[in-house]
Amino acid sequence: MRFLFKTDYEDDIKLFPHSGYVITYGVLLALLLIAPHVLSSYLMSQLVFVCIYAIVGVALLILTGFTGQASLGHAAFLAIGAYTAAYLQKYNVPFPVYFLAAGLLTGIIGAMVGFPALRLTGIYLVIATISFALIVEEILARWESVTHGNEGMRVKTLSLLGVAVPRDSPTFYYLCLAVLVLTIVGTLNLLRSPTGRAFVAIRDSETAARSMGVNVALYKVKSFAISAAITGFAGVLFAHKLSFISPEMFTLQLSIEFIIVILIGGTFSLHGAVLGAIFIVMIDPFLTYLKDDMPGIIAGIAATFGAGTATAGNIQAKVAAFASLNGLKGAIYGIIIVLFVLFEPLGLYGRWLKIKLFFQLFPLYKRATFKRQKIYVKSERNR
């Protein structure tokens, strides 16, 4: 058990609180670097999607987790980044240029969305971001001269410094990993800066933030712009990984998946964004396993316990029909949201913190340790 005694402000904003963090992250990074040499191509493809989803998760955390602004429109920002890359590729623009251009354009559009959202809070802000996502989806489908409409657009193989980087190559994985690491480190530094502290102050209490001189409107727009720009970078990688994009890929369900990423991982944790991304990416393989292998396993278990051939076949057919239901994925998402909201609002990373603190304080640990006491000033009671 390690006790940290902080003697000045620099100790409170260190990137790594103690040397144990350096060792842990160093080992994790080493494992990720050797992964392409020991894992199958399928698992490497899944890791790439984990990196992309985690980047979007970190971006959404900046807006939702640290600034307190809800959003169900990040699939639209992802689409803008992806289509910017695909469009500029037609004019042989190099990757570094259209990668930065996608982030810049998406950030500008994010700031434009942030301005009208200044007068909205709670459910009304969520409705506004959903409307924005639907508008973008409709534009992508109708603006055929640029986006090719519902026919979609082919995305060429990424070329970096004149060398082709196929979407299934280790180099592309390393590129996605590098962008994720830079995003996390950059966000950590952002949160340690005055801008990041202003974001957190707005999340905790807009009234208190204004009383301390924080320009709430300016920092809300900044939060939208930064979150959108990072999502635009992820959109470029997403487009290259899929090699084909169309409007129906960037639906409201994708935005809900991003919300689930931070909900599962933890709405106040950058580590949680990675954990949530792993969880979401594994949903599709789980559904495939449920549809292809689970019916036979359950039928075999039923036969072992004395079920006849006809009964076992009937059980197998029913399980297969259930696993093939169209709305099963959405139902799983709904159950996940309800369970985490009810039983673990801090997400998987919050659960890990509780387990760690339990062993650190045993036998003096109390369940109320993580309960946040809410104290409102009179002006905030009716908000």
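Across all non-hydrogen atoms, the minimal contact from L140 to A79 is CD1-CB, 3.7 Å. Listed here is the closest heavy atom pair of F172 and L237: CZ-O, 3.6 Å. Minimum interatomic distance between A102 and G81 (heavy atoms only, all atoms of both residues): CB-O, 3.7 Å. Minimum interatomic distance between A54 and A277 (heavy atoms only, all atoms of both residues): N-CB, 3.6 Å. Residue N150 comes nearest to A141 through the heavy atom pair OD1-CB, 3.6 Å, listed as atom of the first residue, atom of the second, then distance. Nearest heavy atoms, M212 versus A201: CE-CB, 4.1 Å.
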Using the rule given for side chain to side chain contact (heavy atoms under 4.5 Å, CB included), can you reason through H74 versus L63, listing the C-alpha separation, both sets of side-chain angles and the distance that settles it, and then say yes or no? CA-CA 10 Å; H74 266 56; L63 181 65; 3.7 Å; yes
Go through L328 and L290 one step at a time and tell me if the side chain to side chain contact (heavy atoms under 4.5 Å, CB included) criterion holds. CA-CA 11 Å; L328 183 59; L290 189 65; 3.9 Å; yes
After noting the C-alpha distance and the side-chain angles of E206 and V216, does the key distance pass the side chain to side chain contact (heavy atoms under 4.5 Å, CB included) rule? CA-CA 7 Å; E206 289 189 21; V216 173; 4.1 Å; yes
Apply side chain to side chain contact (heavy atoms under 4.5 Å, CB included) to residues T24 and L28 and explain how you reach the verdict. CA-CA 6 Å; T24 303; L28 177 61; 5.7 Å; no
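Remark: side-chain polar atoms of S255 are paired, donor with acceptor, to backbone N or O of L72 under 3.5 angstrom. A donor-acceptor contact shorter than 3.5 Å is absent between the side chain of R210 and the backbone of N215. Counting only distance, with no hydrogens or angles, the side chain of T304 and the backbone of G300 share a donor-acceptor pair below 3.5 Å. Without hydrogens or angle criteria, S169 side chain to V165 main chain gives no donor-acceptor distance under 3.5 Å. The backbone N or O of V56 sits nowhere less than 3.5 Å from a side-chain atom of T231 that would complete a donor-acceptor pair. Not a single donor-acceptor pair under 3.5 Å links the side chain of R197 to the backbone N or O of L191. The backbone N or O of V126 sits less than 3.5 Å from a side-chain atom of T129, completing a donor-acceptor pair. Put simply, the side chain of S246 never gets that close to the backbone of G152: no donor and acceptor are under 3.5 Å apart. Side-chain N or O atoms of S227 include none that pairs as donor or acceptor with a backbone N or O of S223 at under 3.5 Å. For Y219 (side chain) and G196 (main-chain N/O), no donor-acceptor pair under 3.5 Å exists by modelled atom type.
Few gaps surround CD on E248; more than 12 heavy atoms of other groups in view lie less than 6.0 Å from it. Heavy atoms of other residues, nucleotides or ligands lying less than 6.0 angstrom from OH of Y124 number 12 at most. Counted within 6.0 Å of OH on Y289, heavy atoms from surrounding residues, nucleotides or ligands total more than 12; the atom is thus considered enclosed. The environment of CG in L31 is crowded: more than 12 heavy-atom neighbours from other residues, nucleotides or ligands sit within 6.0 Å. The environment of CE in M44 is crowded: more than 12 heavy-atom neighbours from other residues, nucleotides or ligands sit within 6.0 Å.
Cluster membership check: M112 does not share its hydrophobic cluster with L105, using side-chain heavy-atom separations under 4.5 Å among Ile, Leu, Val, Met, Phe, Trp and Tyr. Y42 and L287 fall within the same hydrophobic cluster, defined by Ile, Leu, Val, Met, Phe, Trp and Tyr side-chain heavy atoms under 4.5 Å apart, directly or through other members. The cluster map of Ile, Leu, Val, Met, Phe, Trp and Tyr, joined by side-chain heavy atoms under 4.5 Å apart, puts F250 and V146 in the same cluster. Residue L218 is not grouped with residue V221 when hydrophobic side chains (ILVMFWY) are merged at heavy-atom distances under 4.5 angstrom, including chains of intermediate members. Linking Ile, Leu, Val, Met, Phe, Trp and Tyr residues whenever their side-chain heavy atoms come within less than 4.5 Å places V181 and L275 in a single cluster.
Within the 4.5 Å cutoff, no side-chain heavy atoms of T84 are placed close to those of V236. When side chains are defined from C-beta on, F233 does not count as touching T106, because their heavy atoms never get closer than 4.5 Å. A 4.5 Å side-chain heavy-atom check between F199 and K222 finds at least one atom pair inside the cut-off. The side-chain heavy atoms of L263 and I336, taken from C-beta on, include no pair separated by under 4.5 Å. You'll find the side chain of I202 reaches within 4.5 Å of the side chain of V214, heavy atoms only. Between I184 and V274 the shortest side-chain heavy-atom distance falls below 4.5 Å. A heavy-atom distance below 4.5 Å is found between the side chains of L177 and L33. With contacts defined as side-chain heavy-atom distances shorter than 4.5 Å, the pair Q89/Y98 qualifies.
Proximity of the aromatic rings of F132 and F77 is defined here by a centroid distance below 6.0 angstrom, and this criterion is met. In this structure, the ring of Y87 has its center no less than 6.0 angstrom from the ring center of Y83.
Considering CG of L104 and CD1 of I108, their distance stands at 4.0 Å, rounded to 0.5 Å. Here CD1 of I298 is found 9.5 Å from CD of Q316. Values are rounded to the nearest 0.5 Å. If you take NZ on K156 and NZ on K90, they are separated by 9.5 Å, rounding to the nearest 0.5 Å. To the nearest 0.5 Å, atom CG of residue L180 and atom SG of residue C176 are 9.0 Å apart. Distance CD1/I337 to CD1/I260: 4.0 Å, rounded to 0.5 Å. Rounded to the nearest 0.5 Å, atoms OG (S159) and CG (N92) are 10.0 Å apart.
A side-chain donor-acceptor contact under 3.5 Å links K241 and S45. For the residue pair Q253/Y333, the side-chain donor-acceptor check at 3.5 Å is not satisfied.
Ring-plane geometry between F49 and F238 is classed as perpendicular, the angle between the planes exceeding 60 degrees on a 0 to 90 degree scale with a lower cut at 30.
A search for side chain to side chain contact (heavy atoms under 4.5 Å, CB included) contacts involving K318 returns N314, not counting sequence neighbours.
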